[in-house]
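Note that this is a predicted model, so its numbers are computed, not measured.
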Amino acid sequence: MGLHNSPRLRDTVPGAAPCDEGFRSLAEACPDAVLVAQDGRFVYANAAAAHVHGYADAAEFLARPMEALVAAEDLHDVKARITEVLSGVGPVPHECEYHAVHRNGQAIAMTMSSRRITFGDRPAVLSFGHDVSDRKRLERKLLDSDRMAAVGTLAAGVAHEVNNPLTYVLLNLRRLRRSLPGFIGTGADRELCEQLLDEALDGSERVRLIVKDLLELGRPTAPDPVPTQVATVVESAVKLVRTSLRHRAQIIRHYRPSPPILANPTRLGQVFLNLLINAGQSFHTDDVDHNEIHIGVGPRGHDRVTVEVRDNGIGIVGGNRERIFDPFFTTKPVGTGVGLGLTVARSIVESLGGQLALE
């Protein structure tokens, strides 16, 4: 394809050859991004290319170097593909995927098809790009749904199988702990037995909580929703954790009048309790003067309520942000968590028609 000069076009970079009027008309009518790369940068872009990257027009887009338009992790591969297409040696994959960079800094999933052309009597690469961010999000959601369905089915089966023997193990351990003074008087033997029983009870209680979370994971819907004041449920959760957090962090409330929602207060309380406990665990040290957990409740429109739990702890490492809702993913030390809390919390919220997200 040959693209020739047209002196009145402004969608090429200064010094680059303006493009043929016929090509420009076709490119501007194309709903996908159309780009021409030459000498290591983009020298032509249609309006769709500028729009998908968040720029007002092609001139603003083309003023940016390629390094600002392609994600750093994909930049080398994109440049290598351009070089490969220009060389004309060997077959070039018809389509590739990479991440572009929006003007606001967010990544955009793109597919790109490229061909070698002549632009201003010199070799160049013509590329057609399509924004597939929505498709990728849908694919991830479908995969998550399939995974959650499988995990939920497995979890419910395992939990029911474990729950029955666990019940009598706990009952017998508690009975034995209460009866121990009658069996053994005093001394080192009794202290050792008490220690061993306490450890067994503690371990069994952890298993019971894991089973409880597994059972919650297997329940996709909330039973018997009733009109619920969210702030009241939040305050109940705050009261439950206040004692355990009183030397670690201060809890600061921000409640605004909000409409009632249809929910199961018990299950909703489990969500807020989990979020508050996680917030308390985000601090390395006990420092009630500086450690803060903010919990806010406020209306969103006429029939929705937003709850925000925020802390000034260590935060979440970037690579873990996409995984925090995955079943059994945890950054906590071994023995302090199994990575089901946020999974269960999101399952409960979504069963109520809501959303649980991380910012």
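- Under the 4.5 Å side-chain heavy-atom criterion for grouping Ile, Leu, Val, Met, Phe, Trp and Tyr, V271 is connected to L358 within one hydrophobic cluster.
- The distance from atom CD1 of I348 to atom CD of Q270, rounded to the nearest 0.5 Å, is 4.0 Å.
- Atom CD of Q106 is surrounded by 12 or fewer heavy atoms from other residues, nucleotides or ligands within 6.0 Å.
- At a cut-off of 3.5 Å, with distance as the only test, no side-chain donor of H247 or D286 sits close to an acceptor on the other residue.
- The only option from E73, M66, E67 that meets the side-chain contact (heavy atoms from CB on, under 4.5 Å) definition with V70 turns out to be M66.
- Side-chain contact between V125 and I117 is absent, with no heavy-atom pair separated by less than 4.5 Å.
- Salt bridge D287/R248: absent, no basic N to carboxylate O contact under 4.0 Å.
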- request: Given side-chain contact (heavy atoms from CB on, under 4.5 Å), test N46 with F61 step by step and report yes or no.
  value: CA-CA 10 Å; N46 68 346; F61 172 85; over 6 Å; no
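- The shortest non-hydrogen separation linking R310 to E308 is NE-OE1, 3.4 Å.
- Side chain of T83 to main chain of K79: a donor-acceptor pair is present (N/O by atom type, distance under 3.5 Å, no hydrogens or angles).
- The shortest heavy-atom contact between R267 and S351 is NH1-OG, 4.2 Å.
- Looking only at distances, a side-chain donor or acceptor of S258 sits under 3.5 Å from a matching main-chain atom of R256.
- Atom CG of D311 is separated from atom OG of S282 by 3.5 Å, given to the nearest 0.5 angstrom.
- Under the 3.5 Å distance criterion, the side-chain polar atoms of E28 are matched with a main-chain donor or acceptor of A47.
- Between E84 and R116 there is no salt bridge, since no side-chain nitrogen of the basic residue lies less than 4.0 Å from a carboxylate oxygen of the acidic one.
- I252 is not connected to Y255 by any chain of hydrophobic side-chain contacts under 4.5 Å among Ile, Leu, Val, Met, Phe, Trp and Tyr, and they are in different clusters.
- The side-chain heavy atoms of V344 and N274, taken from C-beta on, include no pair separated by under 4.5 Å.
- Contact of the V226 side chain with the N264 side chain is not registered, since no non-hydrogen atoms from C-beta on lie closer than 4.5 Å.
- Residues N278 and V309 fail the side-chain proximity criterion, which asks for heavy atoms closer than 4.5 Å.
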field: From CA spacing to verdict: side-chain contact (heavy atoms from CB on, under 4.5 Å), V241, F272
entry: CA-CA 10 Å; V241 300; F272 303 139; over 6 Å; no
task: Check the pair S127 / R115 against side-chain contact (heavy atoms from CB on, under 4.5 Å), numbers first and verdict last.
output: CA-CA 6 Å; S127 297; R115 291 293 181 270; over 6 Å; no
message: Please determine whether side chain to side chain donor-acceptor pair (under 3.5 Å) holds for the pair D131 and S133, giving the CA-CA distance in whole Å, both sets of side-chain angles, and the decisive distance to 0.1 Å.
response: CA-CA 6 Å; D131 182 358; S133 300; 2.8 Å; yes
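- In the hydrophobic clustering of ILVMFWY residues, with side-chain heavy atoms under 4.5 Å counting as a link, V52 and M112 come out together.
- In this structure the side chain of F283 reaches within 4.5 angstrom of the side chain of N312, judged on heavy atoms.
- The existence of a salt bridge linking R253 and E235 is confirmed by a sub-4.0 Å separation between a basic side-chain nitrogen and an acidic carboxylate oxygen.
- Few gaps surround NE2 on H102; more than 12 heavy atoms of other groups in view lie less than 6.0 Å from it.
- Taken from CZ in R41 to CD1 in I82, the straight-line distance is 12.0 Å, to the nearest 0.5 Å.
- Between the D74 side chain and the H99 main chain, a donor and an acceptor come within less than 3.5 Å of each other.
- Distance check, rounded to the nearest 0.5 Å: CZ of R346 to CD of E350 gives 5.5 Å.
- No side-chain heavy atom of R103 sits under 4.5 Å from any side-chain heavy atom of R64.
- The local environment of CZ in R304 is sparse, with at most 12 non-hydrogen atoms from other residues, nucleotides or ligands closer than 6.0 Å.
- Between the CG atom in L75 and the OH atom in Y98 there is a gap of 11.0 Å [rounded to 0.5 Å].
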message: Quick one, R135 with E97, criterion salt bridge (Lys or Arg N to Asp or Glu O under 4.0 Å). Give me CA distance, side-chain angles, the key distance, then yes/no.
response: CA-CA 13 Å; R135 190 188 79 190; E97 290 189 6; 3.6 Å; yes
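- Judged by distance alone, the side chains of Y44 and Q38 never bring a donor and an acceptor atom under 3.5 Å apart.
- Of all non-hydrogen atoms in L35 and A45, the two that sit nearest each other are CD2-CB, 3.6 Å.
- The main-chain N or O of T285 is found under 3.5 Å from a side-chain atom of N291 such that the two form a donor-acceptor pair.
- H130 is listed as a side-chain neighbour of V132, based on a closest heavy-atom distance under 4.5 Å.
- Hydrophobic cluster membership differs between L262 and V305, with clusters built from Ile, Leu, Val, Met, Phe, Trp and Tyr side chains linked at under 4.5 angstrom.
- Counting heavy atoms from C-beta outward, V101 and I108 have side chains that stay 4.5 Å or more apart.
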task: Given side chain to side chain donor-acceptor pair (under 3.5 Å), test E292 with H294 step by step and report yes or no.
output: CA-CA 6 Å; E292 295 181 353; H294 293 256; 2.9 Å; yes
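- Shown here for I293 and G280, the closest heavy-atom pair between the two residues is CD1-N, 3.7 Å.
- Under a hydrophobic-cluster definition in which Ile, Leu, Val, Met, Phe, Trp and Tyr are linked whenever side-chain heavy atoms come within less than 4.5 Å, directly or via other members, V43 and L26 are assigned to different clusters.
- Between A48 and A33, the closest heavy-atom pair is CB-N, 4.1 Å.
- Heavy-atom minimum distance, T228 versus P265: OG1-CG, 3.6 Å.
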Step-by-step side-chain contact (heavy atoms from CB on, under 4.5 Å) determination, L268 to L352: CA-CA 9 Å; L268 197 59; L352 300 172; 3.8 Å; yes
